[in-house]
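Notes for the one structure printed next.
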Amino acid sequence: MLRTVTAPSLSFSSSSTCLIVSTQNKSYLIPHSLKLSSPLIGNINKSNSNRTVTCNYNPSRRLALFQLGAVIPQSQFLSGTLAPARSSEVADQNVLEWVKNDKRRMLHVVYSVGDLDKTIKFYTECLGMKLLRKRDIPEDRYSNAFLGYGPEDTNFTVELTYNYGVDKYDIGDGFGHFGIAVEDVSRTVDLVKAKGGKVTREPVPVKGGSTKIAFVEDPNGYKFELLERGLTPEPLCQVMLRVGDLDRSINFYKKSFGMELLRRRDNPEYKYMVALMGYGPEDKNAVLELTYNYGITEYNKGNGYTQIAIGTDDVYKSAEAVKQCEGKIIREPGPIPVINTKITACLDPDGWKSVFVDNVDFLKELE
């Protein structure tokens with residue numbers, strides 16, 4: 001939009017091919033083929049090789065060619081006519097189009113536990129995960145461990161955080177469960193029982209199918225849904241979160257996160273709806289399962305579950321896309337001190353936190 005401004009300091013000259021317009025900081029080339037019809041441009045003195053241009057400026061006018069601090073750059077001239085200025089709507093659309101083609105993947109899910117060694121033991125012995133790495137940061141009084149079913153550069157993993165002296169967390173009622181695909185649900189449940197684990201739902205057939213599901217709890221109270229499937233490259237396959245408006249959440253994750261709506265189902269008998277969102281087929285990729293319970297719009301998120309980390313080629317554009325879709329940026333994009341990994345953190349419309357991590361920087365961390 002054009003603005004009325006105080007006259008900037010402009011000087012003009014001309015070569016045989018173009019008009020040269022200069023401010024204090026920049027110079028711009030205007031082809032003579034461009035037809036200028038503006039009260040700003042006066043007469044050109046053609047007597048010299050470097051012709052001079054007089055400028056008739058009335059500060060009360062809206063500028064036809066010039067804006068504060070800058071003239072129209074050369075890139076905005078197309079075929080001798082002015083290219084239209086890029087509006088905010090066009091810029092918004094460009095970022096959201098970029099999101100669709102960004103190289104994204106769910107990297108890991110982060111949550112806090114009260115006993116790190118006990119939790120690692122349960123995940124490795126009962127759920128079949130592998131301990132990928134573990135580190136202690138005494139200066140910040142916490143330790144963490146990464147576990148999963150494959151390398152971090154290709155597989156979705158869990159990041160467990162233990163804060164010194166904190167042995168219990170409030171999981172709340174907003175977090176639902178993690179999903180793990182296993183070949184034999186009944187056998188896995190028997191193993192959990194044998195190791196002293198807690199089974200909260202015995203194996204039962206999936207409604208309308210022949211495979212089974214069951215639910216177990218880890219030592220901290222986090223629930224895991226066991227889904228009976230064949231071999232899959234991504235056994236750690238789901239994170240379920242409850243939301244207050246399913247359509248709003250689907251729209252947010254599609255537009256700002258670039259996720260696909262893989263599946264949606266309504267269960268009026270049990271008064272809830274589910275949508276599965278992700279970056280590929282649910283039998284080969286980890287997915288986000290959003291659950292809406294009829295009539296419930298808010299949940300207690302507790303202080304145990306933390307966030308999902310997602311890889312991206314550009315954390316700055318990712319942050320802009322979140323802002324345009326009414327998400328909230330709680331950490332502006334940029335590098336983390338010391339390790340220099342670029343990240344940005346945001347909240348979805350329900351307040352669930354996610355972190356975008358630069359893909360190249362993430363791989364460097366793993367080296």
Side-chain angles (χ1 to χ4, degrees), residues 99-100 102-111 127-129 147-159 174-183 185 206-209 211-216 222-243 245-267 272-293 299 305-312 318 322 325 327 346 348-350 352-357 359:
V99 166
K100 296 177 183 178
D102 187 22
K103 188 178 179 182
R104 295 190 172 185
R105 178 176 72 85
M106 291 171 63
L107 303 177
H108 48 254
V109 59
V110 186
Y111 51 104
L127 301 180
M129 293 187 190
L147 297 97
Y149 295 97
E152 290 179 68
D153 59 348
T154 57
N155 287 76
F156 187 52
T157 63
V158 298
E159 179 183 345
F175 169 78
H177 61 260
F178 304 113
I180 295 180
V182 299
E183 292 187 71
V185 166
V206 175
K207 186 176 181 181
T211 59
K212 297 177 181 178
I213 62 169
F215 281 85
V216 301
Y222 294 103
K223 288 184 172 61
F224 284 80
E225 180 181 11
L226 305 177
L227 303 105
E228 199 163 70
R229 293 180 183 173
L231 289 174
T232 172
E234 196 70 277
L236 182 60
C237 57
Q238 286 182 4
V239 177
M240 192 276 260
L241 303 174
R242 296 182 176 93
V243 299
D245 184 325
L246 190 60
D247 289 330
R248 178 184 65 182
S249 295
I250 289 172
N251 186 57
F252 176 81
Y253 282 101
K254 283 179 69 176
K255 284 184 144 184
S256 65
F257 279 49
M259 290 185 174
E260 301 174 53
L261 175 59
L262 303 171
R263 186 157 54 95
R264 177 175 179 163
R265 68 175 186 270
D266 189 7
N267 297 276
Y272 75 93
M273 293 188 290
V274 170
L276 273 69
M277 312 286 297
Y279 295 109
E282 59 184 292
D283 60 336
K284 297 179 181 179
N285 299 270
V287 300
L288 179 62
E289 180 179 336
L290 304 173
T291 299
Y292 168 70
N293 293 296
Y299 293 92
Y305 174 86
T306 307
Q307 66 202 27
I308 291 175
I310 296 173
T312 177
S318 295
V322 169
C325 296
C346 66
D348 76 357
D350 290 277
W352 293 114
K353 182 181 175 184
S354 294
V355 173
F356 287 98
V357 183
N359 284 323

#### Entry: Asp153 and Arg105: CA distance, side-chain angles, deciding distance, salt bridge (charged side-chain N to carboxylate O under 4.0 Å, His left out) verdict
CA-CA 10 Å; Asp153 59 348; Arg105 178 176 72 85; over 6 Å; no

#### Entry: Min side-chain heavy-atom separation Met277-Leu261 under 4.5 Å
yes

### Query
In terms of ring plane angle, is the pair His177 and Phe215 parallel, tilted or perpendicular, where the classes change at 30° and 60°?
perpendicular

### Query
Are side-chain heavy atoms of Val216 and Leu226 found at a separation under 4.5 Å?
yes

### Task
Any chance you could measure Asp283, atom CG, to Leu231, atom CG, to the nearest 0.5 Å?
12.0 Å

## Note on the structure
CG (Leu107) and OG1 (Thr154) are apart, to the nearest 0.5 Å, by 11.0 Å

### Query
Are the charged groups of Glu234 and Arg229 less than 4.0 angstrom apart, N to O?
no

### Query
Is a side-chain N or O of Asn285 found less than 3.5 angstrom from the main chain of Pro281, in a donor-acceptor match?
yes

### Non-hydrogen side-chain atoms of Tyr149 and Ile180 separated by less than 4.5 Å
yes

### Summary
d(Ile308 CD1, Leu241 CG) to nearest 0.5 Å is 5.5 Å

### Query
Is there a donor-acceptor pair under 3.5 Å between the side chain of Asn267 and the backbone N or O of Met273?
no

## Note on the structure
Smallest heavy-atom separation, Arg242 atom then Trp352 atom, equals O-NE1, 3.0 Å

### Message
For Glu159 and Thr306: C-alpha separation, side-chain torsions, deciding distance, then whether side-chain contact (heavy atoms from CB on, under 4.5 Å) applies.
### Response
CA-CA 10 Å; Glu159 179 183 345; Thr306 307; over 6 Å; no

### Task
Please check if the side chain of Asn155 supplies one atom and the backbone of Pro233 the other of a donor-acceptor pair under 3.5 Å.
yes

### Summary
Distance col, row Glu152:CD vs Leu147:CG, nearest 0.5 angstrom, shows 9.5 Å

### Query
Considering only heavy atoms from C-beta outward, does the side chain of Val287 approach that of Arg263 to under 4.5 Å?
no

### Message
Treating Glu289 as the side-chain partner and Met240 as the backbone partner, does any N or O pair qualify as donor plus acceptor under 3.5 Å?
### Response
no

## Note on the structure
Rounding to 0.5 Å, atoms CG (Leu288) and CD1 (Ile310) come to a distance of 8.0 Å

### Residue pair Tyr272 / Asn293: nearest heavy atoms and the distance that separates them
CB-OD1, 3.4 Å

### Message
Applying ring pair (Phe, Tyr, Trp, His ring centres under 6.0 Å), can you list everything that pairs with Phe175, at least two apart in sequence or on another chain?
### Response
Phe178, Tyr222, Tyr305

### Message
Tell me the closest heavy-atom pair linking Leu246 and Ala275, and the distance in Å.
### Response
CD1-CB, 3.9 Å

### Message
Show the nearest heavy-atom pair for residues Gly148 and Thr157, with the distance to one decimal.
### Response
CA-CG2, 4.3 Å

### Distance-minimising heavy-atom pair for Val185 and Ile213
CG1-C, 4.0 Å

### Query
Would a 4.5 Å heavy-atom cut-off, applied to side chains only, mark Asp245 and Pro349 as touching?
no

#### Entry: Arg248 bridged to Asp348 by N-O distance under 4.0 Å
no

### Task
Specify the closest pair of heavy atoms between Ser256 and Val99, including all atoms of both residues, with the distance to one decimal.
O-CG1, 3.8 Å

### Worked check of side-chain contact (heavy atoms from CB on, under 4.5 Å) between Cys237 and Thr232
CA-CA 9 Å; Cys237 57; Thr232 172; over 6 Å; no

### Aromatic ring proximity Phe257/Tyr279, centre distance under 6.0 Å
no

#### Entry: Value rounded to 0.5 Å, distance of CD in Gln238 from CG in Leu227
5.0 Å

